[in-house]
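Nothing here was measured: the structure is a model prediction, and the numbers come from that model. To find a chain, count down the sequence lines: A is the first, B the second, and so on, and within it residues start at 1.
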There are 2 protein chains.
Amino acid sequence: MLNQQERSRTWLQELKHNGYRLTSPRKAVVEVMANSDTVLSPAEVYDIGRGRYAKLGLVTVYRTLEKLEAMGLVQRVHRPDGCEAFIAGVEGHQHLLICENCGRVEYFGGDKLDGLIDKVQGDSGYEIRDHWLQFFGLCRACQRNN
Amino acid sequence: MLNQQERSRTWLQELKHNGYRLTSPRKAVVEVMANSDTVLSPAEVYDIGRGRYAKLGLVTVYRTLEKLEAMGLVQRVHRPDGCEAFIAGVEGHQHLLICENCGRVEYFGGDKLDGLIDKVQGDSGYEIRDHWLQFFGLCRACQRNN
DNA sequence: TCAATTATGAAAACGTTTTTCAGTAAAGAA
DNA sequence: TTCTTTACTGAAAAACGTTTTCATAATTGA
Ligand SMILES: [Mn+2]
Ligand SMILES: [Mn+2]
Ligand SMILES: [Zn+2]
Ligand SMILES: [Zn+2]
């Protein structure tokens, strides 16, 4: 796993690679997302990002998140109360473990769903093409403070 | 599993039980939701519901869905493109299999996640309290038509 | 340095959901 | 059945998050 500063640099290179210009507002959004291990809404990215670039506009936050999502660098996180939060993504197929209290996210793999998928496919007649698996709970810090 | 007419009747009784009045707009919303096996947005419930009760208002659709959700009779369905769709719920812990094309939903159980949950819990230090498992694909009808 | 072009943020527009409110209707009592 | 209470309704307005528009500013490569 890259550390956070490396991640920022990589993302900026990646943006450049895709023909996008490297601007101050974009750098601010990239740094916020690349340095966060909790899910953030566009409004939260905006609030934090203005600490790095005071003139940042909310519109640019939306536009930059959209690009980062399209490039697979951030992903949208779905939670019971809504689906408007973003987190730095990881390569390949992974699953999320999300703290219900603070939004801190970890990734895990190792699901063994093939057998279940085959069974459900057979029972239902559906052709299963994708799956979501997410765990919710309390991170270590939030276990202590709640 | 109850059939759909029975489900409507049960839901209306349940509403009455909880101290709510049985009104024509509520009956319309209940019938729409109880008779549908596909996810429906509030606007879709409204459109279909007006076929049963022409004066139905969209506001009442929202208000009734809210009550049905609180009573556990319908549940919100999360999909990659949004989380504003509702489906009739089932008792107990179940998982959804959703047609990406038409929104038809089936339920399945039988996940064996305990081992994985223990492992992820140990690795991460999180206390895992809940999980989501959803499958996406194409229902039988949509396999033929796509 | 310059010109071409992309990117920006303020403001307006948008679609969805929630609130407000005056009128309506359900339900229980008489 | 009629009456009375009170919950419920839908239209309109407000609020909300997101997207579009557009004139200006900044990045980039020449
Ligand atoms: Mn998986
Ligand atoms: Mn389960
Ligand atoms: Zn936490
Ligand atoms: Zn289908």
Side-chain angles (χ1 to χ4, degrees), chain A residues 9 11-33 39-71 73-74 76-86, chain B residues 9 11-33 39-71 74-86:
Chain A
R9 250 182 284 121
W11 288 14
L12 292 174
Q13 283 169 19
E14 197 73 21
L15 278 167
K16 183 143 212 177
H17 244 195
N18 284 57
Y20 298 119
R21 293 180 177 175
L22 266 43
T23 67
S24 300
R26 272 178 192 163
K27 285 174 189 166
V29 172
V30 163
E31 280 170 19
V32 171
M33 291 306 299
V39 300
L40 297 173
S41 65
E44 287 168 332
V45 176
Y46 175 59
D47 287 339
I48 303 169
R50 276 189 299 179
R52 294 177 174 275
Y53 179 69
K55 286 182 285 176
L56 179 64
L58 179 57
V59 185
T60 299
V61 172
Y62 277 98
R63 289 193 278 225
T64 305
L65 286 174
E66 185 180 38
K67 286 179 175 57
L68 294 175
E69 188 181 18
M71 293 164 60
L73 300 175
V74 305
R76 190 177 289 268
V77 174
H78 296 252
R79 292 186 293 174
D81 51 317
C83 320
E84 316 76 24
F86 292 84
Chain B
R9 251 183 283 121
W11 289 14
L12 292 172
Q13 283 168 18
E14 197 73 21
L15 277 167
K16 184 143 213 178
H17 224 229
N18 284 57
Y20 297 120
R21 292 181 180 175
L22 266 43
T23 67
S24 301
R26 272 179 192 161
K27 285 175 188 163
V29 172
V30 162
E31 280 170 19
V32 171
M33 290 306 301
V39 300
L40 297 174
S41 66
E44 288 168 332
V45 175
Y46 175 58
D47 287 339
I48 303 170
R50 275 189 299 181
R52 295 179 172 274
Y53 179 68
K55 286 182 284 177
L56 180 63
L58 179 58
V59 185
T60 299
V61 172
Y62 278 96
R63 290 193 277 226
T64 306
L65 287 174
E66 186 180 38
K67 286 180 175 57
L68 295 175
E69 188 181 17
M71 292 164 60
V74 305
Q75 63 182 249
R76 189 177 290 269
V77 174
H78 296 253
R79 292 186 294 175
D81 52 314
C83 318
E84 315 74 27
F86 293 83

Counting only pairs under 3.5 Å, give me each side-chain donor-acceptor contact of residues 42-61 of chain A, with atom names and distances, residues two or more places apart or in other chains.
| from | atom 1 | to | atom 2 | distance (Å) |
| --- | --- | --- | --- | --- |
| A/E44 | OE1 | A/S41 | N | 2.8 |
| A/E44 | OE1 | A/S41 | OG | 3.4 |
| A/Y46 | OH | A/R50 | NH1 | 3.3 |
| A/D47 | OD1 | A/R50 | NH2 | 3.1 |
| A/R52 | NH1 | A/E31 | OE1 | 2.4 |

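- The distance from atom NZ of A/K27 to atom C1' of D/dT28 is 12 Å, rounded to the nearest whole Å.
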Contacts under 3.5 Å, N or O only, protein and nucleotides 26-30 of chain C:
| from | atom 1 | to | atom 2 | distance (Å) |
| --- | --- | --- | --- | --- |
| C/dA26 | N3 | B/R21 | NH1 | 3.1 |
| C/dA27 | OP1 | B/L22 | N | 3.0 |

Return a table of donor-acceptor pairs under 3.5 angstrom between the side chains of residues 17-28 of chain B and protein atoms on other chains or two or more places apart.
| from | atom 1 | to | atom 2 | distance (Å) |
| --- | --- | --- | --- | --- |
| B/T23 | OG1 | B/R26 | N | 3.3 |
| B/R26 | NH1 | B/R21 | O | 2.9 |

Between the protein and nucleotides 11-13 of chain D, list every N/O to N/O distance that falls short of 3.5 Å.
none

Test log, rule side-chain contact (heavy atoms from CB on, under 4.5 Å), inputs B/L15 and B/M71: CA-CA 8 Å; B/L15 277 167; B/M71 292 164 60; 3.8 Å; yes
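- What separates CD of B/E44 from C1' of C/dG15 is a distance of 15 Å, to the nearest Å.
- Between A/L15 atom CG and D/dT28 atom P the separation is 11 Å, expressed in whole Å.
- Residues satisfying the side chain to side chain contact (heavy atoms under 4.5 Å, CB included) criterion with B/E69, sequence neighbours excluded, are B/V74, B/R76, B/F86.
- Contacts of residues 76-86 of chain B with DNA chain C (heavy atom under 4.0 Å): B/E84.
- Between atom CD of residue B/E84 and atom NE2 of residue B/H78 there is a gap of 9.0 Å, rounded to the nearest 0.5 Å.
- When the P atom of D/dA26 is taken as reference, atom CZ of A/R26 falls 15 Å away, rounded to whole Å.
- Listed by chain and number, the residues in a salt bridge (Lys or Arg N to Asp or Glu O under 4.0 Å) with A/R9 amount to none (sequence neighbours excluded).
- Between the CE atom in B/M33 and the CG atom in B/L65 there is a gap of 6.0 Å [rounded to 0.5 Å].
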